[in-house]
Protein chains: 2
Amino acid sequence: MDKQTAIQTAFAQAMAATEEIPAKQKQVLAASLALFAEQGFANTTTKEIAERAGVAEGTVYRRYHTKEALLAALLQPVVRQVVPTLMREFAHQVMQQTYPSRRQFLQALLTNRAEFLQGNWREIKILLNEMLVRDDLRATIIQEATPVLRDNLYPLLDHLRQAGELVAWPNDLVSQFLIGTVMTNLLRANLQGDLRTFSRRIPYLVDFLDRGLAPD
Amino acid sequence: MDKQTAIQTAFAQAMAATEEIPAKQKQVLAASLALFAEQGFANTTTKEIAERAGVAEGTVYRRYHTKEALLAALLQPVVRQVVPTLMREFAHQVMQQTYPSRRQFLQALLTNRAEFLQGNWREIKILLNEMLVRDDLRATIIQEATPVLRDNLYPLLDHLRQAGELVAWPNDLVSQFLIGTVMTNLLRANLQGDLRTFSRRIPYLVDFLDRGLAPD
DNA sequence: GCTTAGTATGTGAGTGCTCACTCACTTATA
DNA sequence: TATAAGTGAGTGAGCACTCACATACTAAGC
């Protein structure tokens, strides 16, 4: 699997930047990730993290000196490294196709990228949650995401539109429809605890978007 | 405005059920609503509520004896009374039209109901937030919402489909696309703090959904 | 090979503080 | 005079975070 290794590589790079991490610290990060996703950041205590990680509470604080720093350590690589890298990669992949049709584009987006979203679902859920609650984080995310979309997704859309394959709406609106459709379907599948529902529905999503974004 | 009064009436009814509420208690409810929406339930202290409401902390506890009960008092009427009532009302309204076209249906849904969503946005934001975090609440909401959709929205969709106006997809999938498109656009407009963006975009949403849900 | 010293990692009882919540009391209402 | 509404200092619980100490590992000195 090309995309699989791509995702793993991107993660590995993001992790490598943080040098050697001892086993127990990894357990702390893993436990935090799981608990923040399950219960939310504010509803998770450092005692719970220590318990699930199987370490003493002091260990939780050895590397990251506040609970906030722990959250940042989990979200930062996703926001700053992983998403942009994979976005760019996807852009190249699609651009290489000589005759990009709207349907091909959507198919690629929904299988390739949705798989990635699914793989990082816990981080994304935390992100969603904290964005609703914290003004500063929301501002940061929007600030980070805007140029990533503009530089990687928008050129693809322009390309499609020029080929007479895409409706003449502003790029941010089209992105909104794309991202919104994928996210709400993913969200629902995840809230119901059944991830396979989403995969089964991808053909419908492609159909829906294919019609909805067709030129006049 | 017919819908305006309808919304106000529904609220009045929901409020009337809770009998006479003294002024300071209303201030407490209003302050809680605002703060929960701004900062999230877990990040809001009862001291903050008291301060914003301009009352003593003891007053916060006079009627609702826990912070949880305060949350329930805010969300319960929306979930159990207001939404179902207005949903039913909308259903009747649309059903009365002799020749319901897909476009008419969408137009009505997006202006009429989106206005309601916008009016209750703070409650909905809290609802979204807590659904992501609390398993029990999520289960309750889904349990409450399912029959409301099935009894009020699904018949409309069946009606449209029979008239050859709607794609032959399962009702829950079509609802997903409808609700998802509206909610994500509302969410974005609200996160950016610009509510008018949403109204301005309604024609695009109608177009998008009109194409996306057209029969083969 | 063995000891010693130095450093990174791990520990958990302890600390101060903030939180949700209480209650004896005061003030308005009827 | 009785009942309801409001008050705010107070309380115990639980929270994020600390620190003196224990253990594990590495490298140098003999």
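Residue numbers start from 1 in every chain, and the chains themselves are labelled A, B, ... in the order their sequence lines are given, proteins ahead of strands.
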When you measure from the side-chain N and O atoms of A:Gln25 to the phosphate of C:dG10, is any distance below 4.0 Å, counting only OP1 and OP2?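 Checking C:dG10 against A:Gln25, a side-chain N or O does come within under 4.0 Å of OP1 or OP2.
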Looking at A:Lys24, I'd like to know whether one of its side-chain N or O atoms comes within less than 4.0 Å of OP1 or OP2 on C:dG10.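 False: A:Lys24 side-chain N/O out of range (4.0 Å or more) of C:dG10 OP1/OP2.
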Whole angstrom is fine here: how far is it from [atom1] in [X] over to [atom2] in [N]?
X       : N      : atom1 : atom2 : value
B:Ile21 : D:dG6  : CD1   : P     : 11 Å
B:Tyr61 : D:dG8  : OH    : C1'   : 14 Å
A:Tyr64 : C:dG10 : OH    : C1'   : 16 Å
A:Arg63 : C:dT11 : CZ    : P     : 14 Å
A:His65 : D:dC19 : NE2   : P     : 12 Å
B:Gln27 : D:dG6  : CD    : C1'   : 12 Å
A:Glu68 : D:dC15 : CD    : C1'   : 14 Å
B:Leu71 : C:dA20 : CG    : P     : 13 Å

Should the pair B:Trp169 and A:Tyr204 be assigned to parallel (<30°), tilted (30 to 60°) or perpendicular (>60°) ring geometry?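 Rings of B:Trp169 and A:Tyr204: perpendicular, as their planes differ by over 60°.
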If you define the side chain from C-beta out and look only at heavy atoms, does anything of A:Thr184 sit under 4.5 Å from B:Ile179?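 Heavy-atom side-chain distance check fails, nothing below 4.5 Å.
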Walk me through it: do A:Leu29 and A:Arg63 pass the test side chain to side chain contact (heavy atoms under 4.5 Å, CB included)? CA-CA 10 Å; A:Leu29 286 170; A:Arg63 184 164 295 253; over 6 Å; no
Whether the B:Arg188 and A:Gln176 side chains hold a donor-acceptor pair (N or O, under 3.5 Å, no angle test) is what I'd like checked.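 Looking only at side-chain atoms, A:Gln176 and B:Arg188 do form a donor-acceptor pair, the distance falling under 3.5 Å.
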We want to know whether B:Thr197 and B:Asp194 form a side-chain donor-acceptor pair, criterion being a heavy-atom distance below 3.5 angstrom.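 Checked: B:Thr197/B:Asp194 side chains pair up, N/O donor to acceptor below 3.5 Å.
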Scan residues 37-59 of chain A against DNA chain D and write down, sorted by residue number, each residue with any heavy atom closer than 4.0 Å; if none is found, say none.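 Here the set is A:Thr44, A:Thr45, A:Thr46, A:Glu57.
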Can a donor-acceptor pair under 3.5 Å be found between the side-chain atoms of B:Arg62 and the base atoms of D:dT7?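 By the distance-only test, yes, there is a pair.
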Check the pair A:Val28 / A:Tyr64 against side chain to side chain contact (heavy atoms under 4.5 Å, CB included), numbers first and verdict last. CA-CA 10 Å; A:Val28 168; A:Tyr64 306 104; 5.9 Å; no
Residue from A:Leu205, A:Leu213, A:Leu173 passing side chain to side chain contact (heavy atoms under 4.5 Å, CB included) with A:Leu178: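 For A:Leu178, the side chain to side chain contact (heavy atoms under 4.5 Å, CB included) check succeeds only for A:Leu213.
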